[in-house]
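Numbering starts at 1 and runs along the sequence shown.
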Amino acid sequence: MSLPDILCIGSAHWDLIGHTAHALPAGADVPGTVSRMPGGVAFNIARALAREGLSVALLAAVGADAEGEGLARAGATAGIDMRFLHRGTATDLYLGLESQGALAAAVADARALEEAGEAVLAPLLDGRLATPALPFAGPLVIDANLPEAVLDRLAASVRACASLRLAPASPAKAPRLAPLMGHPRAVLHLNRAEAGMICGATFPTSLAAAEALLEAGVRRAIVTDGALPATDGCALRGLLQACPPAIVGRRATGAGDAFLAAHLAAEHRGAGREAALAAALAAAASLVSGDLSP
């Protein structure tokens, strides 16, 4: 089997998501639905890239258990190259609660990924995908669910990569990506809240957030802001804005992953900045509206 063109590195787990059309104050017990599906930032992005017809492999940690086997099968069925998974003792789980189309609360049990540590990167070091002397040359998608020590190791070894796509995963984890933000071909995909956590500031718009990230030395930052305009800020080519499609939101989990995957796929095919941003906003809107399955 040939080697993949793109690698996604980070989280793969089972998502358990509760959806309700009701408000969800603390302590509430409301009617709704509960769904269980494969997920994780790196997994979601890899699945979306495979759906676009791209050759993509996943570097992640899953258990040598029935849950891990099921996740590996689901990825392979979706067209992801799952040969390079690290097998641990258990498989991670994400529990989310969505109220009225927005994420109300979530708990991520990422012990398998944390315990695996740098073992997740073994295929990049032992010759299966690359070696320290001959690094992987294609795009890498890296999510901030990885432990900080793993992100530090990646920062020291990915200078030769064609490009990096960085996914913060959540506002709390966004600052973990700091060692990778100075990469000359890094593209930071994030929302306004995540930008605020990285910069230690509150931004009124995606434009202000993108400007601050560029001033801080990030070469390119693409900042979303829900239903408000998104901004593609590039140190070499300036600022570009676009409005997302008007939709009725029915789900929230995975919107940022769909956005990143669509943007990468569009640019991989040669689309310009404006077309790529439009494609990314359309993909995220389709998922949030319920028109696109995760």
Side-chain angles (χ1 to χ4, degrees), residues 6-10 41-42 44-45 48-49 139-146 148 151-152 154-155 158-159 161-244 254-268 271-285:
I6 302 170
L7 298 182
C8 294
I9 311 174
V41 173
N44 288 343
I45 294 169
L49 290 171
L140 300 183
V141 178
I142 300 168
D143 90 54
N145 287 301
L146 291 163
E148 292 181 65
L151 293 167
D152 289 342
L154 278 168
V158 296
R159 286 286 167 181
C161 291
S163 68
L164 303 182
R165 298 283 174 147
L166 306 179
S170 71
K173 292 177 180 176
R176 290 187 183 186
L177 293 172
L180 292 155
M181 290 180 199
H183 189 284
R185 291 172 298 280
V187 183
L188 181 60
H189 290 260
L190 71 175
N191 61 37
R192 181 165 57 90
E194 290 162 344
M197 286 295 292
I198 289 171
C199 296
T202 300
F203 299 113
T205 63
S206 68
L207 179 65
E211 289 175 329
L213 288 164
L214 295 180
E215 289 173 6
V218 175
R219 303 299 178 90
R220 190 177 182 195
I222 302 176
V223 187
T224 58
D225 192 11
L228 299 175
T231 303
D232 176 352
C234 179
L236 296 177
R237 292 182 287 171
L239 297 158
L240 170 70
Q241 285 199 288
C243 293
D257 307 336
F259 181 98
L260 190 157
H263 193 274
L264 173 54
E267 292 202 331
H268 192 75
R273 291 174 71 202
E274 186 173 351
L277 185 56
L281 288 168

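Between Arg220 and Glu267, at least one side-chain N (NZ, or NE/NH1/NH2) sits under 4.0 Å from a carboxylate O, which counts as a salt bridge.
The two residues Leu281 and Ala230 have their closest heavy-atom pair at CD2-CB, 3.9 Å. Contact record, Ala284 with Ala255: CB-O, 3.7 Å, taken as the closest heavy-atom pair. Here the closest heavy-atom approach between residue Ala283 and residue Ala262 is recorded as CB-CB, 3.5 Å. Ala280 approaches His263 most closely through the heavy-atom pair CB-CB, 3.7 Å. Across all their heavy atoms, Ala169 and Val41 have their closest contact at CB-CG2, 4.0 Å.
Between the side chain of Arg273 and the backbone N or O of Asp232, at least one donor-acceptor pair lies under 3.5 Å. Proximity of a side-chain donor or acceptor of Asp143 to a complementary backbone N or O of Ala42 within less than 3.5 Å is detected. Without hydrogens or angle criteria, Arg192 side chain to Phe203 main chain gives a donor-acceptor distance under 3.5 Å.
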For residues 234-244, tabulate all N or O donor-acceptor pairs below 3.5 Å that involve a side-chain atom, not counting sequence neighbours.
unit_1, atom_1, unit_2, atom_2, d
Gln241, NE2, Thr231, OG1, 3.1

Next item on the list: For the pair Leu146 and Leu154, evaluate side-chain contact (heavy atoms from CB on, under 4.5 Å) and give the outcome as yes or no after the intermediate values.
Entry: CA-CA 10 Å; Leu146 291 163; Leu154 278 168; 4.0 Å; yes
Margin query: The test is side-chain contact (heavy atoms from CB on, under 4.5 Å); show your working for Ile45 and Phe259 and say whether it passes.
Written below: CA-CA 9 Å; Ile45 294 169; Phe259 181 98; over 6 Å; no
Next item on the list: Verify side-chain contact (heavy atoms from CB on, under 4.5 Å) between Ile198 and Leu188, making sure each step is shown before the conclusion.
Entry: CA-CA 11 Å; Ile198 289 171; Leu188 181 60; 4.1 Å; yes
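Separating the CG atom in Asn145 from the CD1 atom in Ile9 is a distance of 13.0 Å, to the nearest 0.5 Å. With rounding to the nearest 0.5 angstrom, the SG atom of Cys8 is 7.5 Å from the CG atom of Leu264. How far CG of Leu166 is from NE2 of His189: 8.0 Å, rounded to the nearest 0.5 Å.
With sequence neighbours excluded, the residues that form a side-chain contact (heavy atoms from CB on, under 4.5 Å) with Thr205 are Leu207, Ala208. For Ala265, the side-chain contact (heavy atoms from CB on, under 4.5 Å) partners at least two apart in sequence or on another chain are Leu49, Glu52, Leu54, Arg269. With sequence neighbours excluded, the residues forming a side-chain contact (heavy atoms from CB on, under 4.5 Å) with Ala155 are Pro179, Leu180, listed by chain and number. Shown here are the side-chain contact (heavy atoms from CB on, under 4.5 Å) partners of Ala144, two or more places apart in sequence or in another chain: Lys173, Arg176, Leu177.
Within the 4.5 Å cutoff, the side chain of Leu190 has heavy atoms near those of the Leu213 side chain.
Screening residues 210-219 for side chain to side chain donor-acceptor pair (under 3.5 Å), with sequence neighbours left out, gives no hits.
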